[in-house]
Every structure is written in structure tokens, then in C-alpha cells.
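Letters A, B, ... mirror the listed sequences (proteins, then strands); counts begin at 1.
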Amino acid sequence: DAKTTQPPSMDCAEGRAANLPCNHSTISGNEYVYWYRQIHSQGPQYIIHGLKNNETNEMASLIITEDRKSSTLILPHATLRDTAVYYCIAATGANSKLTFGKGITLSVRP
Amino acid sequence: ETGVTQSPTHLIKTRGQQVTLRCSSQSGHNTVSWYQQALGQGPQFIFQYYREEENGRGNFPPRFSGLQFPNYSSELNVNALELDDSALYLCASSAQGTDTQYFGPGTRLTVL
């Protein structure tokens with residue numbers, strides 16, 4: 001599975017958009033980009049995934065660059081409850097192992 | 001809520017003992033994956049079960065073993081517990097032909 005790299009932390013103000021970057025320069029053509037988040041000591045929560053096209057759901061938007069070497073997760077209106085560790089993962093599908101790095105810690109400030 | 005449940009929530013064992021952790025998958029999901037998460041680290045893949053057979057394994061010793069039952073629920077067994085086995089153990093379920101794994105809340109194991 002391709003390795004992903006994320007900055008260790010970032011913060012944003014409540015109500016503003018949070019843009020979380022991820023690099024995956026060695027991603028292969030059949031690997032999706034997945035985003036999960038983990039609020040302290042809970043199980044990881046699925047957010048969104050995509051292959052080539054940008055995706056949007058009720059939680060977030062995922063923007064994947066045309067060359068697929070990087071992506072950005074956008075939380076459009078961050079709230080305090082969005083404070084968590086966010087993991088960007090490259091994987092071939094639901095039944096492949098998910099290789100988690102250390103993720104990015106997002107702190108939303110009032 | 002993902003519909004994936006795990007038991008027990010917390011567990012304390014001593015070195016050398018054996019432990020069994022349980023996971024019930026989301027309805028309709030036939031694949032279960034287990035992960036270990038040490039403090040301050042991301043989850044690490046232990047193994048996956050599909051149709052009661054092991055379907056991939058991470059870098060964990062044989063004293064980590066598992067089972068999957070006909071109803072797709074699963075157990076993780078760890079023998080000869082070591083202090084470093086203290087971690088949050090997570091299971092995730094998925095369905096063949098779909099794209100997403102859904103995680104349970106985890107079992108916190110402490111080995112003294």
C-alpha cells in the first residue's frame with residue numbers, strides 16, 4: 001500500500017473551513033484515498049473516500065489532485081466536536097488492510 | 001454508531017495470561033479485521049477473517065490468533081500476554097464488494 005504523509009497538527013477557528021492536506025505520491029492506480037478520524041480513545045470513524053474524482057458527503061469534501069499525488073479533506077464549518085486525529089490512508093478497497101500513520105491532529109478553537 | 005460492537009470494554013490481565021476479545025460485525029458484513037493501537041500510535045493491522053478463514057495477516061507473532069463464526073462475529077485470542085500487548089484493540093467489519101471498513105469502539109487491554 002502507498003505511504004501517505006500528513007503534517008502532525010493544525011488548528012482552525014470554530015465555524016471556519018478546515019483544510020487537511022495529505023501527500024500520497026506513490027499511490028497506485030487501483031488505490032483509493034480514505035479518510036478516517038479518531039476522537040480520543042474511540043474507534044476510528046469513516047469520513048469519506050475517493051479514487052479520482054472529488055467527493056462530497058454530509059461530513060466533508062475530498063479534493064484529489066489530477067495526478068492523484070495529494071489530496072485535501074475539507075470540513076466546511078468546523079465545530080469543537082471535530083477536534084480529533086485525522087488519518088489519510090491509501091488502500092485498494094474495503095477488504096484490504098488499512099495502514100494507519102500517525103495522522104494529523106486537528107484542534108478546533110472557539 | 002457503526003453497528004460494530006466489541007466486548008469487553010476494558011480488561012486487565014497479568015503477564016503470561018491469555019485473553020479473548022469479541023467482535024460482532026455490522027449486519028450484512030462478512031469480513032472482520034482486527035487492529036492493535038498502542039498509546040500515541042495509529043492502529044496496526046493484526047489480521048482479517050473472511051468466511052471463517054484468515055485472509056491476511058500483519059506482522060504479529062503466532063500467539064495472536066483469531067476465529068470467525070458462521071454468523072460472522074469474531075474473536076481475537078492472545079496467549080502468553082506481554083506488557084507491550086497493552087493497547088486498544090479494534091475490530092472493523094466490511095462486506096465483500098464494498099469499499100469501506102467500519103470500526104467498533106475498541107477494547108482497552110491493560111497487561112500488568
Side-chain angles (χ1 to χ4, degrees), chain A residues 1-9 20 22 24 27 29-53 55 57-60 62 64 73 81 84-106, chain B residues 1-6 9-10 21 23 25-26 28-51 53-60 68 72 87-110:
Chain A
D1 295 336
K3 184 180 165 66
T4 62
T5 56
Q6 302 175 256
S9 64
L20 287 71
C22 180
H24 31 79
I27 196 167
N30 65 343
E31 287 184 304
Y32 294 82
V33 179
Y34 285 86
W35 283 84
Y36 283 80
R37 73 180 182 184
Q38 189 172 27
I39 297 167
H40 183 63
S41 291
Q42 297 179 21
Q45 178 189 21
Y46 166 77
I47 301 172
I48 199 168
H49 74 285
L51 187 63
K52 287 191 275 192
N53 299 322
E55 302 287 345
N57 63 20
E58 64 279 3
M59 288 183 69
L62 174 61
I64 303 174
L73 179 75
R81 286 177 293 181
V85 179
Y86 287 76
Y87 297 99
C88 167
I89 300 165
T92 55
N95 301 309
S96 61
K97 69 173 186 178
L98 298 178
T99 301
F100 289 80
K102 292 197 171 182
I104 178 172
T105 300
L106 173 67
Chain B
E1 295 297 325
T2 63
V4 181
T5 60
Q6 293 186 243
T9 307
H10 296 88
L21 310 181
C23 173
S25 57
Q26 187 175 108
H29 285 186
N30 54 15
T31 302
V32 174
S33 303
W34 286 90
Y35 294 80
Q36 179 196 66
Q37 186 174 24
L39 206 59
Q41 304 296 317
Q44 300 298 306
F45 176 74
I46 303 174
F47 44 55
Q48 182 181 90
Y49 277 82
Y50 169 61
R51 289 188 176 177
E53 298 283 333
E54 189 178 288
N55 184 42
R57 188 177 183 94
N59 189 25
F60 281 82
Q68 187 180 31
Y72 305 130
L88 181 67
Y89 288 86
L90 297 157
C91 77
S93 75
S94 54
Q96 289 290 323
T98 65
D99 293 334
T100 308
Q101 293 183 30
Y102 294 93
F103 283 81
T107 293
R108 172 73 62 189
L109 172 65
T110 301

## Note on the structure
Honestly, the part of A/Gln38 sitting under 4.5 Å from a heavy atom of chain B is side chain
### Query
Under a 4.5 Å cut-off applied to non-hydrogen side-chain atoms, are B/Pro43 and A/Tyr87 in contact?
yes
#### Entry: Part of B/Phe47 lying under 4.5 Å from any heavy atom of chain A
neither
### Message
Using every non-hydrogen atom in the two residues, find where A/Gly43 and B/Leu90 come nearest and quote the distance to one decimal.
### Response
CA-CD2, 3.7 Å
#### Entry: Donor-acceptor contact below 3.5 Å, side chain B/Tyr35 vs main chain A/Leu98
yes
### Query
Given the side-chain rings of A/Tyr36 and B/Phe103, with only the six-membered ring counted for Trp, is the space between their centroids under 6.0 Å?
yes
#### Entry: Whether over 12 other heavy atoms sit under 6.0 Å from A/Asn30 CG
yes
### Message
Could you check whether any side-chain heavy atom of A/Lys97 comes within less than 4.5 Å of a side-chain heavy atom of B/Gln48, counting everything from C-beta outward?
### Response
no
### Query
Which atom names give the shortest non-hydrogen contact between A/Tyr46 and B/Thr100, and what distance separates them?
CD1-CG2, 3.3 Å
### Message
Using heavy-atom distances under 4.5 Å, tell me whether B/Gln37 contacts chain A through its side chain, its backbone, both, or neither.
### Response
side chain
### Message
Tell me if the OH atom of B/Tyr72 is crowded by more than 12 foreign heavy atoms within 6.0 Å.
### Response
no
### Query
Do B/Leu88 and A/Ser41 come within less than 4.5 Å of each other through their side chains, counting heavy atoms only?
no
